[in-house]
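In the text below, chain A, chain B and the rest are named by the order of the sequence lines, each starting its count at 1.
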Protein chains: 2
Amino acid sequence: MSKLNDNTLAYVADYFKALAEPTRLKVLNALQDGEKNVGQLTEISGCSQANVSKHLSMLAQYGLVKRESRGTSVFYSIADPSVYKLCELVCDQVVNRLIQEAEVKKLFMVV
Amino acid sequence: MSKLNDNTLAYVADYFKALAEPTRLKVLNALQDGEKNVGQLTEISGCSQANVSKHLSMLAQYGLVKRESRGTSVFYSIADPSVYKLCELVCDQVVNRLIQEAEVKKLFMVV
DNA sequence: TGACTATATAACTACATAGTAATATAGTGT
DNA sequence: ACACTATATTACTATGTAGTTATATAGTCA
């Protein structure tokens, strides 16, 4: 990482930016067990179709999902499953932190 | 990851958001070989002191760095080194993608 | 062709934040 | 107390984007 120039750094930041939104994480999560079309993802995410479509095009632009249209549907799938490793790592961090904070809170709430 | 509720999902997204900015990545990178104070990080990042200070407080808020003031200086250090695993994973993805794109470009540019 | 369905896009509002310049705060040494 | 240094904060501008509504585009079938 220390050898990264500013340009590559910007790419990496963009990749993280693609993951920095709850709805997009939900979509990626939904794709974990295989491709889904926009309609399905709209239902799962609970957002409007237009909104999901925008999120999907952003995910595709940053290279996180692949797009394939078949018939009147467009199917999206994970471009590289290693993205889930990222999410797991972050989940661990976040969960650990939430536990820690809960413990700190407990300390101050004793009686 | 599939068991995450919306609240935790938001935390994870926030964690990624902390990483979704080139200057903050640069700062984290600079902290890889140990703690540094704000002045040092200002110089390394090439940003204004105010700007670096804001980025640092964001990183601290999301739990990526620890803050310790000694004398008139404030030293920041990495809260959990596993953040570098994340960066490596993303770097790999990004580099692979750039290589792929370069190859595609080559295909179209053959004489 | 025309009706129907699925997806994408455009125009818009609201909000978050990166960056700047100026100022406030806090610790140190005189 | 005062000057000095390091860091944080405030007020501001500019930009990006999440979400909405309405509309456009494209494929399918009668």
Given atom [atom1] of [X] and atom [atom2] of [N], what is their separation to the nearest angstrom?
| X | N | atom1 | atom2 | value |
| --- | --- | --- | --- | --- |
| A:Leu19 | D:dT17 | CG | P | 14 Å |
| B:Asn37 | C:dG27 | CG | P | 16 Å |
| B:Glu68 | C:dA26 | CD | P | 19 Å |
| B:Lys36 | D:dA6 | NZ | P | 17 Å |
| A:Gln61 | D:dT17 | CD | C1' | 12 Å |
| A:Leu56 | C:dA8 | CG | C1' | 11 Å |
| A:Gln40 | C:dA6 | CD | C1' | 12 Å |

When all nucleic acid strands are considered with a 4.0 Å heavy-atom cut-off, which category describes B:Arg70: base, sugar-phosphate, or nothing?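 No contact.
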Looking across every strand, which nucleic acid part, if any, lies under 4.0 Å from A:Tyr76 by heavy atom: base, sugar-phosphate, or nothing?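 Sugar-phosphate, backbone atoms only, no base.
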Are OP1 or OP2 of C:dT7 and a side-chain N or O of A:Arg67 less than 4.0 angstrom apart?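 Answer no for this pair, as no side-chain N or O of A:Arg67 is under 4.0 Å from OP1 or OP2.
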With sequence neighbours left out, write down each residue that passes side chain to side chain contact (heavy atoms under 4.5 Å, CB included) with B:Ser77, or none if nothing qualifies.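 So B:Ser77 forms a side chain to side chain contact (heavy atoms under 4.5 Å, CB included) with B:Glu35, B:Lys66.
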Which nucleotide wins on minimum distance to the side chain of [X], given the candidates [options]?
| X | options | answer |
| --- | --- | --- |
| B:Gln49 | D:dT7, C:dA8, D:dA6 | D:dT7 |
| B:Ser73 | D:dA8, C:dT7, D:dA6 | D:dA6 |
| B:Thr72 | C:dT7, D:dT5, D:dT28 | D:dT5 |

Mind checking whether [X] and [Y] have side chains closer than 4.5 Å, heavy atoms only?
| X | Y | value |
| --- | --- | --- |
| A:Asp80 | B:Asn96 | no |
| A:Val27 | A:Val65 | no |
| B:Val12 | A:Cys91 | yes |
| A:Val94 | A:Val90 | yes |

B:Ser73 side chain vs B:Arg70 backbone, donor-acceptor pair below 3.5 Å: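 Pair absent, no side-chain N/O of B:Ser73 close to backbone of B:Arg70.
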May I ask you to decide if A:Asn37's main-chain N or O and A:Gln40's side chain share a donor-acceptor pair within less than 3.5 Å?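 Confirmed, A:Gln40 side chain pairs with A:Asn37 backbone.
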Would you list the protein and nucleotides 15-18 of chain C atom pairs, both N or O, that sit under 3.5 Å from each other?
from: C:dT17; atom 1: OP1; to: B:Lys17; atom 2: NZ; distance (Å): 3.4
from: C:dA18; atom 1: OP1; to: B:Arg24; atom 2: NH1; distance (Å): 3.4
from: C:dA18; atom 1: OP1; to: B:Arg24; atom 2: NH2; distance (Å): 3.3
from: C:dA18; atom 1: OP2; to: B:Arg24; atom 2: NH1; distance (Å): 3.1

